[in-house]
Amino acid sequence: MSTLAAPAGPTTLQEEKAPMAAVEVLRTGMGTTVQDAGRYGHAHLGIGRSGAADAASYALANRLVANPVGAAALEVVLGGLRLRARGAVTVAVTGAPCPVAIDGRGAATDTVLHLPDGAELDLGTPATGLRSYVAVRGGIDVAPVLGSRSTDTLAGLGPPAPRPGTVLPVGPAPRAFPAADWAAHPPVGAAEMDLRVVLGPRADWFTDDAVAVLLGSAYEVTPRSDRVGARLAGPALARREHGELPSEGMVPGSLQIPPEGEPVLFLTDHPVTGGYPVIAVVVAADVARAAQARPGTRLRFHL
Amino acid sequence: MRVLNCADWGVLVEVGGLDEALALQAALEERRPDGVTDIVPAARTVLLRVEPGRTDPAAVARAVRGLRPRPGRRADAGELEVPVHYDGADLADIAAHLGMSQREVVAAHTAATWTVAFCGFAPGFGYMVSDDPRFHLPRRSEARTRVPTGAVALAGEFTGVYPRSSPGGWQLLGRTDLVVWDTDRDPPALLRPGVRVRFREAP
(Lines give C-alpha, C1' and ligand atoms only; values in the text may rest on other atoms or scores of the structure.)
Protein backbone atom coordinates (compact mmCIF):
# COMPACT_ATOMS: atom_id res chain seq x y z
CA MET A 1 0.00 0.00 0.00
CA SER A 2 1.39 3.37 -0.97
CA THR A 3 1.83 5.87 1.79
CA LEU A 4 2.39 8.75 -0.58
CA ALA A 5 0.43 9.76 -3.64
CA ALA A 6 2.12 8.53 -6.78
CA PRO A 7 3.19 11.16 -9.29
CA ALA A 8 1.26 11.49 -12.59
CA GLY A 9 0.04 8.15 -13.89
CA PRO A 10 -1.92 5.46 -12.12
CA THR A 11 -0.26 2.97 -9.84
CA THR A 12 -0.96 -0.29 -11.58
CA LEU A 13 0.27 -2.77 -9.03
CA GLN A 14 -0.09 -2.94 -5.33
CA GLU A 15 3.51 -4.16 -5.32
CA GLU A 16 4.67 -0.73 -6.58
CA LYS A 17 5.95 0.90 -3.44
CA ALA A 18 5.75 4.54 -2.60
CA PRO A 19 8.77 6.24 -4.17
CA MET A 20 10.01 7.40 -0.80
CA ALA A 21 10.26 4.02 0.94
CA ALA A 22 13.32 3.78 3.14
CA VAL A 23 14.90 1.82 5.94
CA GLU A 24 16.06 3.53 9.09
CA VAL A 25 19.12 2.05 10.80
CA LEU A 26 18.56 1.65 14.54
CA ARG A 27 21.67 -0.40 15.35
CA THR A 28 24.60 -1.47 13.16
CA GLY A 29 26.31 -4.26 15.06
CA MET A 30 30.07 -4.64 14.57
CA GLY A 31 30.08 -3.31 11.08
CA THR A 32 27.47 -2.68 8.43
CA THR A 33 28.26 -1.23 5.01
CA VAL A 34 26.36 -0.64 1.79
CA GLN A 35 27.72 -2.90 -0.97
CA ASP A 36 26.93 -3.72 -4.56
CA ALA A 37 28.73 -5.61 -7.33
CA GLY A 38 31.65 -3.18 -7.11
CA ARG A 39 33.40 -0.37 -8.94
CA TYR A 40 34.55 -1.46 -12.39
CA GLY A 41 37.10 -0.06 -14.78
CA HIS A 42 38.98 2.37 -12.53
CA ALA A 43 41.81 0.08 -11.39
CA HIS A 44 44.36 1.94 -13.56
CA LEU A 45 43.64 5.01 -11.42
CA GLY A 46 44.38 3.09 -8.24
CA ILE A 47 40.71 2.47 -7.44
CA GLY A 48 39.82 -1.08 -6.46
CA ARG A 49 36.71 -3.11 -7.18
CA SER A 50 35.37 -3.30 -3.62
CA GLY A 51 31.78 -4.64 -3.55
CA ALA A 52 30.13 -7.42 -1.55
CA ALA A 53 32.81 -9.66 0.01
CA ASP A 54 30.71 -12.82 -0.43
CA ALA A 55 29.50 -12.17 -3.97
CA ALA A 56 27.41 -15.37 -4.04
CA SER A 57 25.33 -14.64 -0.92
CA TYR A 58 24.89 -11.02 -2.01
CA ALA A 59 23.63 -12.11 -5.45
CA LEU A 60 21.23 -14.60 -3.84
CA ALA A 61 19.73 -11.90 -1.62
CA ASN A 62 19.04 -9.70 -4.65
CA ARG A 63 17.62 -12.65 -6.60
CA LEU A 64 15.17 -13.47 -3.79
CA VAL A 65 13.62 -9.98 -3.91
CA ALA A 66 13.85 -9.93 -7.75
CA ASN A 67 16.28 -7.00 -7.77
CA PRO A 68 18.38 -6.46 -10.88
CA VAL A 69 21.96 -7.73 -10.70
CA GLY A 70 24.11 -5.14 -8.95
CA ALA A 71 21.43 -3.55 -6.73
CA ALA A 72 22.96 -2.26 -3.50
CA ALA A 73 22.37 -4.23 -0.30
CA LEU A 74 23.65 -4.18 3.28
CA GLU A 75 26.64 -6.29 4.33
CA VAL A 76 26.48 -7.04 8.05
CA VAL A 77 29.43 -8.46 10.01
CA LEU A 78 28.38 -10.94 12.72
CA GLY A 79 24.80 -9.72 12.90
CA GLY A 80 23.57 -7.06 15.28
CA LEU A 81 21.77 -4.94 12.67
CA ARG A 82 18.34 -3.48 13.46
CA LEU A 83 16.27 -1.66 10.83
CA ARG A 84 12.90 0.03 10.84
CA ALA A 85 10.83 0.07 7.66
CA ARG A 86 9.62 3.47 6.47
CA GLY A 87 6.81 2.46 4.18
CA ALA A 88 6.27 -1.23 3.41
CA VAL A 89 9.42 -2.93 2.20
CA THR A 90 10.31 -6.43 1.06
CA VAL A 91 13.67 -7.84 2.18
CA ALA A 92 15.74 -11.03 2.18
CA VAL A 93 18.55 -12.01 4.54
CA THR A 94 21.26 -14.34 3.20
CA GLY A 95 24.87 -15.26 3.90
CA ALA A 96 25.96 -16.07 7.44
CA PRO A 97 22.78 -17.65 8.89
CA CYS A 98 21.73 -15.34 11.72
CA PRO A 99 18.58 -15.43 13.83
CA VAL A 100 16.09 -13.03 12.20
CA ALA A 101 13.14 -11.38 13.90
CA ILE A 102 10.43 -9.04 12.65
CA ASP A 103 8.91 -7.06 15.53
CA GLY A 104 10.22 -9.73 17.85
CA ARG A 105 8.74 -12.67 15.95
CA GLY A 106 11.12 -15.23 14.47
CA ALA A 107 11.61 -15.17 10.71
CA ALA A 108 13.80 -17.14 8.32
CA THR A 109 16.92 -16.41 6.34
CA ASP A 110 17.14 -17.13 2.58
CA THR A 111 13.51 -16.24 2.04
CA VAL A 112 11.33 -13.28 1.09
CA LEU A 113 10.21 -11.20 4.09
CA HIS A 114 7.59 -8.45 4.05
CA LEU A 115 7.94 -5.60 6.49
CA PRO A 116 4.91 -3.35 6.96
CA ASP A 117 5.51 0.36 7.56
CA GLY A 118 7.17 0.78 10.95
CA ALA A 119 8.13 -2.87 11.38
CA GLU A 120 11.56 -3.60 12.86
CA LEU A 121 13.94 -6.18 11.44
CA ASP A 122 16.50 -7.63 13.83
CA LEU A 123 19.57 -9.72 12.98
CA GLY A 124 21.10 -11.80 15.78
CA THR A 125 24.58 -13.28 15.82
CA PRO A 126 25.09 -15.99 13.19
CA ALA A 127 26.08 -19.46 14.40
CA THR A 128 28.54 -19.89 11.53
CA GLY A 129 29.98 -17.60 8.90
CA LEU A 130 30.83 -13.93 9.16
CA ARG A 131 28.85 -11.75 6.78
CA SER A 132 25.08 -11.59 6.27
CA TYR A 133 23.39 -9.69 3.46
CA VAL A 134 20.14 -7.77 3.63
CA ALA A 135 18.69 -6.98 0.21
CA VAL A 136 15.73 -4.63 0.02
CA ARG A 137 13.40 -4.85 -2.95
CA GLY A 138 14.28 -1.78 -5.04
CA GLY A 139 17.85 -1.66 -3.73
CA ILE A 140 19.50 0.71 -1.27
CA ASP A 141 19.36 3.92 -3.25
CA VAL A 142 22.18 6.04 -1.81
CA ALA A 143 24.17 8.19 -4.25
CA PRO A 144 26.72 6.16 -6.23
CA VAL A 145 30.39 7.20 -6.25
CA LEU A 146 32.24 6.48 -9.49
CA GLY A 147 29.44 4.20 -10.65
CA SER A 148 29.09 2.13 -7.49
CA ARG A 149 27.34 2.27 -4.13
CA SER A 150 30.00 0.10 -2.49
CA THR A 151 31.98 1.42 0.44
CA ASP A 152 35.68 0.78 -0.14
CA THR A 153 36.98 0.67 3.42
CA LEU A 154 40.64 0.85 2.37
CA ALA A 155 40.39 3.75 -0.07
CA GLY A 156 37.68 5.58 1.89
CA LEU A 157 35.44 5.75 -1.19
CA GLY A 158 31.71 5.33 -1.51
CA PRO A 159 28.82 5.93 0.88
CA PRO A 160 29.68 6.48 4.55
CA ALA A 161 29.04 3.49 6.80
CA PRO A 162 25.46 3.62 8.16
CA ARG A 163 25.11 4.62 11.79
CA PRO A 164 22.14 4.54 14.17
CA GLY A 165 19.74 7.14 12.79
CA THR A 166 20.88 6.82 9.18
CA VAL A 167 17.92 6.67 6.80
CA LEU A 168 18.71 4.68 3.66
CA PRO A 169 16.42 5.42 0.73
CA VAL A 170 15.02 2.44 -1.15
CA GLY A 171 14.79 2.59 -4.94
CA PRO A 172 11.66 1.94 -6.99
CA ALA A 173 10.59 -1.70 -7.08
CA PRO A 174 11.74 -3.57 -10.18
CA ARG A 175 9.15 -4.89 -12.65
CA ALA A 176 10.00 -8.50 -11.85
CA PHE A 177 8.38 -10.25 -8.95
CA PRO A 178 10.10 -12.68 -6.57
CA ALA A 179 9.94 -16.07 -8.30
CA ALA A 180 11.10 -18.31 -5.47
CA ASP A 181 10.28 -17.80 -1.83
CA TRP A 182 13.15 -19.90 -0.62
CA ALA A 183 16.59 -20.66 -2.02
CA ALA A 184 18.84 -23.63 -1.35
CA HIS A 185 22.59 -23.04 -1.24
CA PRO A 186 25.72 -24.69 0.13
CA PRO A 187 26.36 -24.10 3.84
CA VAL A 188 27.92 -20.73 4.68
CA GLY A 189 30.97 -20.74 6.94
CA ALA A 190 32.62 -23.74 8.57
CA ALA A 191 35.25 -24.49 11.19
CA GLU A 192 37.53 -25.72 8.39
CA MET A 193 37.45 -24.62 4.78
CA ASP A 194 39.11 -26.12 1.73
CA LEU A 195 40.01 -23.51 -0.85
CA ARG A 196 41.23 -24.13 -4.39
CA VAL A 197 44.32 -22.19 -5.43
CA VAL A 198 46.46 -21.74 -8.51
CA LEU A 199 50.18 -21.25 -7.83
CA GLY A 200 51.61 -17.92 -8.88
CA PRO A 201 52.19 -15.25 -9.86
CA ARG A 202 55.31 -15.27 -7.60
CA ALA A 203 55.50 -18.90 -6.48
CA ASP A 204 59.04 -18.91 -7.88
CA TRP A 205 60.05 -16.42 -5.15
CA PHE A 206 59.54 -19.22 -2.62
CA THR A 207 61.34 -22.50 -1.98
CA ASP A 208 59.80 -25.77 -3.14
CA ASP A 209 59.41 -26.59 0.55
CA ALA A 210 57.39 -23.43 1.10
CA VAL A 211 54.93 -24.46 -1.61
CA ALA A 212 54.63 -27.93 -0.02
CA VAL A 213 54.07 -26.35 3.40
CA LEU A 214 51.39 -24.03 2.04
CA LEU A 215 49.52 -26.94 0.46
CA GLY A 216 49.98 -29.25 3.44
CA SER A 217 49.13 -27.06 6.42
CA ALA A 218 46.15 -25.35 7.99
CA TYR A 219 46.20 -21.55 8.29
CA GLU A 220 43.99 -19.97 10.91
CA VAL A 221 42.08 -16.75 10.28
CA THR A 222 43.11 -14.21 12.94
CA PRO A 223 40.96 -11.46 14.47
CA ARG A 224 43.02 -8.90 12.51
CA SER A 225 40.92 -9.61 9.45
CA ASP A 226 38.59 -7.28 7.59
CA ARG A 227 37.28 -6.54 4.09
CA VAL A 228 40.85 -5.86 2.90
CA GLY A 229 41.96 -9.35 3.74
CA ALA A 230 41.94 -12.32 6.05
CA ARG A 231 45.20 -12.28 8.00
CA LEU A 232 46.40 -15.81 8.63
CA ALA A 233 48.46 -17.56 11.28
CA GLY A 234 50.36 -20.71 10.32
CA PRO A 235 53.73 -22.13 9.31
CA ALA A 236 56.22 -19.67 7.81
CA LEU A 237 56.94 -19.88 4.07
CA ALA A 238 60.62 -19.58 3.18
CA ARG A 239 61.64 -17.37 0.30
CA ARG A 240 64.14 -18.19 -2.41
CA GLU A 241 64.31 -14.58 -3.64
CA HIS A 242 65.17 -11.96 -1.07
CA GLY A 243 65.12 -8.88 -3.26
CA GLU A 244 62.50 -6.20 -3.21
CA LEU A 245 59.53 -6.71 -5.49
CA PRO A 246 58.41 -3.53 -7.25
CA SER A 247 54.73 -3.00 -6.48
CA GLU A 248 52.47 -4.83 -8.90
CA GLY A 249 48.74 -5.28 -9.53
CA MET A 250 46.87 -7.52 -7.10
CA VAL A 251 43.68 -9.56 -7.48
CA PRO A 252 41.25 -10.77 -4.80
CA GLY A 253 42.22 -14.21 -3.55
CA SER A 254 45.94 -13.36 -3.64
CA LEU A 255 47.93 -14.98 -0.84
CA GLN A 256 50.46 -12.26 -0.18
CA ILE A 257 53.41 -13.22 1.98
CA PRO A 258 55.26 -10.41 3.78
CA PRO A 259 58.85 -11.30 4.77
CA GLU A 260 57.87 -11.38 8.41
CA GLY A 261 54.40 -11.54 9.79
CA GLU A 262 51.12 -12.92 8.70
CA PRO A 263 50.19 -14.11 5.24
CA VAL A 264 47.20 -12.19 3.95
CA LEU A 265 44.39 -13.61 1.83
CA PHE A 266 43.15 -10.55 -0.04
CA LEU A 267 39.42 -9.94 -0.08
CA THR A 268 37.34 -7.36 -1.90
CA ASP A 269 38.85 -4.11 -0.51
CA HIS A 270 42.44 -5.28 -1.20
CA PRO A 271 45.01 -2.67 -2.28
CA VAL A 272 45.15 -2.28 -6.08
CA THR A 273 48.92 -2.81 -6.03
CA GLY A 274 51.17 -4.48 -3.49
CA GLY A 275 54.88 -4.98 -2.96
CA TYR A 276 55.04 -8.42 -1.34
CA PRO A 277 55.15 -11.59 -3.44
CA VAL A 278 51.96 -13.60 -3.98
CA ILE A 279 52.63 -17.33 -3.72
CA ALA A 280 49.19 -18.48 -4.91
CA VAL A 281 45.73 -17.15 -5.76
CA VAL A 282 42.41 -18.57 -4.55
CA VAL A 283 39.89 -19.08 -7.37
CA ALA A 284 36.98 -16.63 -7.52
CA ALA A 285 34.22 -18.98 -6.36
CA ASP A 286 36.22 -19.89 -3.27
CA VAL A 287 37.11 -16.28 -2.42
CA ALA A 288 33.38 -15.69 -1.84
CA ARG A 289 33.36 -18.65 0.55
CA ALA A 290 36.57 -17.47 2.25
CA ALA A 291 34.88 -14.12 2.95
CA GLN A 292 32.69 -16.09 5.38
CA ALA A 293 35.67 -17.37 7.38
CA ARG A 294 35.41 -15.87 10.84
CA PRO A 295 38.43 -15.62 13.14
CA GLY A 296 39.45 -19.10 14.25
CA THR A 297 38.46 -20.74 10.95
CA ARG A 298 41.16 -23.06 9.62
CA LEU A 299 41.88 -22.71 5.91
CA ARG A 300 43.48 -25.40 3.77
CA PHE A 301 44.72 -24.67 0.28
CA HIS A 302 44.54 -27.21 -2.55
CA LEU A 303 45.65 -27.19 -6.17
CA MET B 1 57.89 -10.95 -21.48
CA ARG B 2 56.49 -13.41 -18.95
CA VAL B 3 52.78 -14.06 -18.46
CA LEU B 4 52.10 -15.11 -14.86
CA ASN B 5 49.04 -16.85 -13.38
CA CYS B 6 46.44 -15.13 -11.23
CA ALA B 7 43.95 -18.05 -11.12
CA ASP B 8 40.69 -17.20 -12.94
CA TRP B 9 41.02 -13.48 -12.13
CA GLY B 10 43.38 -12.57 -14.98
CA VAL B 11 47.07 -12.54 -15.87
CA LEU B 12 50.08 -10.56 -14.68
CA VAL B 13 52.43 -9.66 -17.52
CA GLU B 14 56.02 -9.04 -16.46
CA VAL B 15 58.60 -7.22 -18.57
CA GLY B 16 62.20 -6.09 -18.07
CA GLY B 17 61.61 -2.61 -16.71
CA LEU B 18 59.64 0.59 -16.77
CA ASP B 19 60.34 1.48 -20.43
CA GLU B 20 59.10 -1.94 -21.55
CA ALA B 21 56.11 -1.67 -19.23
CA LEU B 22 55.19 1.66 -20.83
CA ALA B 23 55.58 0.21 -24.33
CA LEU B 24 53.39 -2.75 -23.34
CA GLN B 25 50.75 -0.37 -21.98
CA ALA B 26 50.76 1.48 -25.29
CA ALA B 27 50.39 -1.79 -27.22
CA LEU B 28 47.52 -2.86 -24.93
CA GLU B 29 45.79 0.45 -25.49
CA GLU B 30 45.91 -0.12 -29.24
CA ARG B 31 44.78 -3.74 -29.04
CA ARG B 32 43.00 -4.45 -25.77
CA PRO B 33 42.40 -8.21 -25.46
CA ASP B 34 38.72 -9.22 -25.38
CA GLY B 35 37.14 -9.60 -21.97
CA VAL B 36 39.68 -7.49 -20.05
CA THR B 37 37.80 -5.35 -17.50
CA ASP B 38 40.69 -3.60 -15.78
CA ILE B 39 44.33 -2.86 -16.64
CA VAL B 40 46.72 -2.11 -13.77
CA PRO B 41 50.11 -0.89 -15.00
CA ALA B 42 53.01 -0.86 -12.56
CA ALA B 43 56.79 -0.40 -12.65
CA ARG B 44 57.62 -3.75 -14.26
CA THR B 45 54.25 -5.38 -14.80
CA VAL B 46 50.80 -4.89 -16.25
CA LEU B 47 47.89 -6.76 -14.63
CA LEU B 48 44.98 -7.64 -16.89
CA ARG B 49 41.77 -8.52 -15.05
CA VAL B 50 38.84 -10.45 -16.45
CA GLU B 51 35.43 -11.45 -15.14
CA PRO B 52 35.99 -14.90 -13.59
CA GLY B 53 33.96 -17.56 -15.35
CA ARG B 54 33.21 -15.29 -18.30
CA THR B 55 36.65 -14.83 -19.89
CA ASP B 56 39.40 -17.45 -19.88
CA PRO B 57 42.71 -15.91 -18.74
CA ALA B 58 44.48 -18.33 -21.11
CA ALA B 59 42.86 -16.53 -24.06
CA VAL B 60 44.05 -13.19 -22.69
CA ALA B 61 47.55 -14.67 -22.25
CA ARG B 62 47.55 -15.76 -25.90
CA ALA B 63 46.44 -12.30 -27.04
CA VAL B 64 49.19 -10.67 -24.97
CA ARG B 65 51.86 -12.97 -26.39
CA GLY B 66 50.71 -11.89 -29.85
CA LEU B 67 51.40 -8.22 -29.08
CA ARG B 68 54.57 -6.61 -30.42
CA PRO B 69 55.27 -3.67 -28.09
CA ARG B 70 57.42 -1.06 -29.84
CA PRO B 71 60.35 0.18 -27.71
CA GLY B 72 60.04 3.82 -26.77
CA ARG B 73 56.35 3.84 -27.54
CA ARG B 74 54.13 5.56 -24.95
CA ALA B 75 50.40 5.52 -24.45
CA ASP B 76 49.03 8.99 -25.15
CA ALA B 77 46.30 10.05 -22.76
CA GLY B 78 46.56 13.79 -23.42
CA GLU B 79 48.48 16.66 -21.88
CA LEU B 80 48.19 18.51 -18.61
CA GLU B 81 49.83 21.64 -17.25
CA VAL B 82 50.33 21.69 -13.49
CA PRO B 83 51.05 25.06 -11.84
CA VAL B 84 53.32 24.64 -8.83
CA HIS B 85 54.37 26.88 -5.97
CA TYR B 86 57.95 25.66 -5.53
CA ASP B 87 58.15 26.23 -1.78
CA GLY B 88 58.24 22.65 -0.47
CA ALA B 89 59.75 21.89 2.92
CA ASP B 90 62.39 19.64 1.33
CA LEU B 91 63.42 21.95 -1.53
CA ALA B 92 66.80 22.74 0.06
CA ASP B 93 67.51 19.04 0.69
CA ILE B 94 66.47 18.16 -2.85
CA ALA B 95 68.79 20.82 -4.29
CA ALA B 96 71.69 19.62 -2.13
CA HIS B 97 71.11 16.00 -3.14
CA LEU B 98 70.94 16.80 -6.84
CA GLY B 99 73.93 19.17 -6.63
CA MET B 100 71.91 22.09 -7.98
CA SER B 101 70.78 25.43 -6.66
CA GLN B 102 67.11 25.66 -5.69
CA ARG B 103 66.45 27.77 -8.81
CA GLU B 104 68.15 25.13 -10.96
CA VAL B 105 65.89 22.44 -9.46
CA VAL B 106 62.82 24.49 -10.39
CA ALA B 107 64.21 25.15 -13.87
CA ALA B 108 64.92 21.45 -14.45
CA HIS B 109 61.56 20.31 -13.05
CA THR B 110 59.62 22.75 -15.27
CA ALA B 111 61.76 22.04 -18.34
CA ALA B 112 61.29 18.26 -18.25
CA THR B 113 58.38 16.43 -19.86
CA TRP B 114 56.79 14.08 -17.36
CA THR B 115 54.57 11.11 -18.18
CA VAL B 116 52.26 9.30 -15.77
CA ALA B 117 53.57 5.73 -15.83
CA PHE B 118 51.08 4.18 -13.43
CA CYS B 119 48.91 4.90 -10.40
CA GLY B 120 49.28 3.45 -6.94
CA PHE B 121 49.65 4.23 -3.24
CA ALA B 122 46.26 5.98 -3.18
CA PRO B 123 43.42 6.52 -5.66
CA GLY B 124 44.54 9.09 -8.21
CA PHE B 125 48.21 9.12 -7.17
CA GLY B 126 50.11 9.06 -10.46
CA TYR B 127 53.78 8.06 -10.64
CA MET B 128 55.33 10.44 -13.21
CA VAL B 129 58.64 9.77 -14.95
CA SER B 130 60.63 12.36 -16.90
CA ASP B 131 63.05 12.65 -19.77
CA ASP B 132 65.62 14.17 -17.39
CA PRO B 133 67.76 11.39 -15.88
CA ARG B 134 69.14 13.70 -13.19
CA PHE B 135 65.95 13.30 -11.17
CA HIS B 136 66.73 10.46 -8.81
CA LEU B 137 66.17 10.88 -5.10
CA PRO B 138 65.81 8.69 -2.05
CA ARG B 139 62.68 8.82 0.05
CA ARG B 140 62.90 10.71 3.32
CA SER B 141 64.41 8.56 6.02
CA GLU B 142 61.31 9.21 8.07
CA ALA B 143 57.86 9.51 6.57
CA ARG B 144 55.64 12.45 7.49
CA THR B 145 52.41 11.51 9.24
CA ARG B 146 50.55 14.08 7.16
CA VAL B 147 51.33 15.41 3.71
CA PRO B 148 48.76 17.97 2.53
CA THR B 149 46.53 17.60 -0.53
CA GLY B 150 48.24 18.99 -3.62
CA ALA B 151 51.80 18.47 -2.36
CA VAL B 152 54.19 17.97 -5.29
CA ALA B 153 56.89 15.54 -4.24
CA LEU B 154 59.83 13.50 -5.51
CA ALA B 155 61.07 9.97 -4.76
CA GLY B 156 63.17 7.61 -6.87
CA GLU B 157 62.82 8.73 -10.47
CA PHE B 158 59.23 9.84 -9.89
CA THR B 159 57.24 13.00 -9.26
CA GLY B 160 53.86 12.64 -7.60
CA VAL B 161 51.03 14.94 -6.52
CA TYR B 162 49.24 13.90 -3.33
CA PRO B 163 45.56 13.59 -4.32
CA ARG B 164 44.43 13.72 -0.72
CA SER B 165 46.06 14.47 2.58
CA SER B 166 47.84 11.32 3.77
CA PRO B 167 51.00 10.06 5.41
CA GLY B 168 53.93 10.13 2.99
CA GLY B 169 57.68 9.67 2.68
CA TRP B 170 58.37 11.56 -0.53
CA GLN B 171 60.49 14.74 -0.64
CA LEU B 172 58.26 17.81 -0.77
CA LEU B 173 59.17 20.05 -3.72
CA GLY B 174 56.12 22.33 -3.76
CA ARG B 175 52.36 22.40 -3.99
CA THR B 176 49.67 22.88 -6.60
CA ASP B 177 46.18 24.32 -6.33
CA LEU B 178 45.07 22.08 -9.19
CA VAL B 179 42.51 19.53 -7.96
CA VAL B 180 44.04 16.33 -9.31
CA TRP B 181 41.42 14.08 -7.72
CA ASP B 182 37.65 14.64 -7.57
CA THR B 183 35.18 11.76 -7.32
CA ASP B 184 32.42 13.96 -8.78
CA ARG B 185 34.41 14.28 -12.00
CA ASP B 186 34.61 11.68 -14.77
CA PRO B 187 37.33 10.54 -14.91
CA PRO B 188 38.05 11.43 -11.27
CA ALA B 189 41.85 11.57 -11.69
CA LEU B 190 43.74 14.08 -13.85
CA LEU B 191 46.98 12.09 -13.55
CA ARG B 192 46.07 8.98 -15.51
CA PRO B 193 48.57 6.57 -17.04
CA GLY B 194 49.81 8.01 -20.33
CA VAL B 195 49.05 11.66 -19.49
CA ARG B 196 51.97 13.96 -20.37
CA VAL B 197 52.61 16.60 -17.74
CA ARG B 198 54.42 19.93 -17.82
CA PHE B 199 54.96 21.67 -14.50
CA ARG B 200 55.14 25.45 -14.55
CA GLU B 201 55.94 27.87 -11.79
CA ALA B 202 52.77 29.39 -10.38
CA PRO B 203 52.81 33.18 -10.09
Side-chain angles (χ1 to χ4, degrees), chain A residues 37-50 55 143-148 152 154-158 195-205 244-255 266 270-275 277-288 303, chain B residues 2-14 17-18 21 25 28-29 36-54 57 75 77 116 118-127 156 163-164 166 181-194:
Chain A
R39 207 165 265 117
Y40 286 69
H42 299 295
H44 62 296
L45 305 180
I47 302 164
R49 186 70 62 86
S50 191
V145 175
L146 301 176
S148 168
D152 184 329
L154 182 68
L157 273 179
L195 304 174
R196 287 163 291 170
V197 299
V198 172
L199 292 181
R202 299 294 177 186
D204 58 351
W205 277 55
E244 202 172 307
L245 184 72
S247 285
E248 58 192 26
M250 293 280 144
V251 295
S254 294
L255 277 165
F266 277 149
H270 68 87
V272 179
T273 58
V278 170
I279 189 170
V281 179
V282 177
V283 302
D286 287 5
V287 172
L303 288 180
Chain B
R2 289 206 303 159
V3 183
L4 307 171
N5 281 324
C6 298
D8 48 355
W9 297 99
V11 293
L12 183 69
V13 187
E14 183 179 41
L18 187 57
Q25 265 186 64
L28 284 165
E29 191 168 275
V36 170
T37 58
D38 283 284
I39 295 181
V40 187
R44 212 169 69 191
T45 55
V46 179
L47 172 70
L48 304 177
R49 269 193 68 170
V50 301
E51 214 41 54
R54 198 171 298 171
V116 180
F118 52 89
C119 289
F121 172 62
F125 188 100
Y127 286 72
R164 291 185 295 190
S166 70
W181 170 253
D182 179 357
T183 55
D184 289 332
R185 196 167 56 196
D186 185 19
L190 295 182
L191 298 170
R192 304 182 293 278

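In what follows, chains are A, B, ... by sequence order, proteins preceding strands, each numbered from 1. All values below were derived from every heavy atom in this structure, side-chain atoms included, with hydrogens, water molecules and symmetry-related copies excluded.
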* Asked: Top residue by heavy-atom pair count (under 4.5 Å) with chain B, among A43(A), G200(A), A203(A)?
  -> A43(A)
* **Residue T273(A) versus chain B: region with a heavy atom under 4.5 Å** => side chain
* To do: Can you tell which part of D204(A) gets under 4.5 Å to a heavy atom of chain B, answering side chain, backbone, both or neither?
  => side chain
* Could you tell me which portion of R164(B) (side chain, backbone, both or neither) has an atom closer than 4.5 angstrom to a non-hydrogen atom of chain A? => side chain
* Structure fact -> chain A shares the most heavy-atom pairs under 4.5 Å, among A122(B), A42(B), A7(B), with A7(B)
* Heavy-atom distance under 4.5 Å between the side chains of L45(A) and P193(B), does that happen here? -> yes
* By a 4.5 Å heavy-atom criterion (distance strictly below it), what part of L154(A) contacts chain B: side chain, backbone, both, or neither? -> neither
* **Option in G124(B), P41(B), P188(B) with maximal non-hydrogen atom pairs under 4.5 Å from chain A** => P188(B)
* To do: Let me know if E14(B) has heavy atoms under 4.5 Å from chain A in its side chain, its backbone, both or neither.
  => side chain
* Structure fact -> Honestly, the part of L12(B) sitting under 4.5 Å from a heavy atom of chain A is side chain
* Asked: L191(B) and C119(B): which non-hydrogen atoms are nearest, and at how many Å?
  -> O-SG, 3.4 Å
* **Residue pair G249(A) / T45(B): nearest heavy atoms and the distance that separates them** => N-OG1, 4.3 Å
* Asked: Checking heavy atoms, do the side chain of P252(A), its backbone, both or neither come under 4.5 Å from chain B?
  -> both
* Asked: What is the distance from atom CG of L146(A) to atom CG of D186(B), rounded to the nearest 0.5 Å?
  -> 7.5 Å
* Answer whether the closest heavy-atom distance between the side chains of V281(A) and V197(A) falls below 4.5 Å. => no
* Tell me, do P52(B) and W9(B) make a side-chain contact under 4.5 Å, heavy atoms counted? -> yes
* Without swapping roles, check the side chain of D286(A) against the backbone of R196(A) for a donor-acceptor pair under 3.5 Å. => yes
* Taking the side chain from R39(A) and the backbone from S148(A), do they hold a donor-acceptor pair closer than 3.5 Å? -> yes
* Asked: Checking V283(A) against chain B: side chain, backbone, both or neither under 4.5 Å from a heavy atom?
  -> both
* Structure fact -> Turns out that what part of V287(A) lies under 4.5 Å from chain B's heavy atoms comes down to side chain
* Pick whichever of T37(B), I39(B), L47(B) has the most heavy-atom pairs under 4.5 Å with chain A. => L47(B)
* To do: Using non-hydrogen atoms and a 4.5 Å limit, figure out which bit of R49(B) sits close to chain A: side chain, backbone, both or neither.
  => side chain
* For R49(A) and D38(B), run salt bridge (Lys or Arg N to Asp or Glu O under 4.0 Å): C-alpha distance rounded to whole Å, both residues' side-chain angles, the deciding distance at 0.1 Å, then the answer. => CA-CA 9 Å; R49(A) 186 70 62 86; D38(B) 283 284; 2.9 Å; yes
